[in-house]
Number of protein chains: 2
Amino acid sequence: MFKQVKQNKAYQDVVEQIQEAIMEGTLKPGSMLPAERELKEQFGISRGTLREALRVLEQKGLIEIRTGVAGGSIIREVNSEKLSENLGLLIRNRAVSLRDLAEFREGMEGGVAALAAQRAGEQDIASLQGLLAVAQGHLKEGRKGWDAFVRTDEQIHMALARMSGNPLFITVLTSVYHNIHTYYENYLPWNKELLQENFTDLCNIVAAVSAGEAERAREIALGHVRRFNAYMEEKQA
Amino acid sequence: MFKQVKQNKAYQDVVEQIQEAIMEGTLKPGSMLPAERELKEQFGISRGTLREALRVLEQKGLIEIRTGVAGGSIIREVNSEKLSENLGLLIRNRAVSLRDLAEFREGMEGGVAALAAQRAGEQDIASLQGLLAVAQGHLKEGRKGWDAFVRTDEQIHMALARMSGNPLFITVLTSVYHNIHTYYENYLPWNKELLQENFTDLCNIVAAVSAGEAERAREIALGHVRRFNAYMEEKQA
DNA sequence: AATTTACGAATGGTTAAACCATTAGCAGTT
DNA sequence: AACTGCTAATGGTTTAACCATTCGTAAATT
């Protein structure tokens, strides 16, 4: 008949209050919370309890805590760092496999390329072409340039994500790349043909984006990721 | 010349030790940590410091803390709950627009439907058809069944995500749906034709999934989301 | 015998006051 | 002008005690 009364622990209540204030905009990024000895008075709790609350907020990525005379709790710009960290935990625990990551990427890259094609400005296109040039340079270096090439490849994909203008794509892809990288480094046998093929794909994607051809960009990007994933499956199996 | 010495705070050290033990498998899900008063001795720290560490581990989703005589810190099966929570925070805070959410959904639904078509078993297909029947029932109820229809629609999409077997899709789409729902409820003007059209789409998607036709499922799902988003843009503009 | 009640013990939750460690700014010195 | 050392404010940690919740068990009741 009646609803269970929610018995909040004191520190949870503090976390919620501060989190809501941040979400509402009452507390703005860059501003600081009062000192611990002041805050504990405002909330009417002990310092230990307050510190448990602050640790939680820190772990959520909502505040950063600094020591020293000008130290304290600084409200942070919300970012995807903790999300990425969390994803990394899942991966390490084998809850998310390399295959899962690759599949997920396959689902998103096409859409990202299409959006980028619709929205890229002149500056964006110039920066893409700059990255392509860098990639080509690394490719010419032979084996010792491979690592750098892969990183540049990743940068191009991230640049496309940014041009999509969609913070969700940017955040989620950032996390995926950050975590997929370790797999590549440790397990994937690279070779010259694969890199060359990748480079050609990238050139085609950039060309389609530059021309504003969304559907063509989508198709090429999707094919690019698919081919890459197929290679990976083959080598891993 | 020398590398900066990393001055770990005591609680961080504790977090790392316990986290590593969990990741390595030394501490298995379901097992319990010693009581706080015992643990603090083992680590050689005070109880307050230990509790800060436990709060962090709890916030990471690695342990669950229970009170009472048989209480304590239980090692949890790693799951995506906190990742979802984190994504929700990002969505709320970054003022991710409805359009961003819709675009992102557009990027993923096609791939999800295709994977579901490849992987759905007999039971999965039966449960999809059960959901369709429920949806149809709500549709017949007229206006008062609309809300229920929308919820069922969402359940069908979530079921497809689960059938994709990819924890990333499941996690991310769960967060997206959870957050897009509030928008729909508050801002979107539904009408009978739209719902009917949605229902037809769903039937077609389920048919394609049942037949194991991945590419057809992809196309229909993509078209479905696109048509829906277009309608939304029109009504919001 | 079965059920209910009351209590004890173990565990997490919270408090209080003190002291340690770090750091920005200032005052004095060179 | 540059260096040096002090001061004060802030987070980091410790200690010891008590409160609150919960499970098992023993006693009381039916």
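Below, chain A is the first sequence line, B the second, and so on; all start at residue 1.
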(message) Just by distance, no angles: are the side chains of D124(B) and S127(B) close enough, under 3.5 Å, to form a donor-acceptor pair?
(response)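 No donor-acceptor contact under 3.5 Å links the two side chains.
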(message) Between Q17(B) and D13(B), do the side chains contain a donor N or O and an acceptor N or O under 3.5 Å apart?
(response) yes
(request) For DNA chain C, find the residues of residues 39-53 of chain B with a heavy-atom distance under 4.0 Å and give them by number; none if there aren't any. (result)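 Listed by number, they are R47(B), R51(B).
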Length of the line joining [X]:[atom1] and [N]:[atom2], which is rounded to integer Å:
| X | N | atom1 | atom2 | answer |
| --- | --- | --- | --- | --- |
| E64(B) | dG12(C) | CD | P | 13 Å |
| Y11(A) | dG12(C) | OH | C1' | 11 Å |
| Q12(B) | dG12(D) | CD | P | 9 Å |
| N8(B) | dG11(D) | CG | C1' | 16 Å |
| K9(B) | dT10(D) | NZ | P | 17 Å |
| E58(A) | dG11(D) | CD | C1' | 11 Å |

Assess whether a salt bridge exists between [X] and [Y], defined as any Lys/Arg side-chain N lying under 4.0 Å from an Asp/Glu carboxylate O.
| X | Y | answer |
| --- | --- | --- |
| E106(B) | R99(B) | no |
| E58(A) | K9(B) | no |
| K82(B) | E85(B) | yes |

(message) Strictly by salt bridge (charged side-chain N to carboxylate O under 4.0 Å, His left out), give each pair with a member in residues 63-72 of chain A just once, sequence neighbours left out.
(response) E64(A)-R66(A)
For nucleotides 4-11 of chain C, list the nitrogen or oxygen atoms of the protein found under 3.5 Å from its nitrogen or oxygen atoms, one pair per line.
residue, atom, partner, partner atom, Å
dT11(C), O4', G68(B), O, 3.3

(request) Carefully, step by step, assess L54(A) and L50(A) under the rule side-chain contact (heavy atoms from CB on, under 4.5 Å). (result) CA-CA 6 Å; L54(A) 293 179; L50(A) 173 65; 4.2 Å; yes
(message) Run S84(B) and T171(B) through side chain to side chain donor-acceptor pair (under 3.5 Å) and show every step you take.
(response) CA-CA 6 Å; S84(B) 192; T171(B) 298; over 6 Å; no
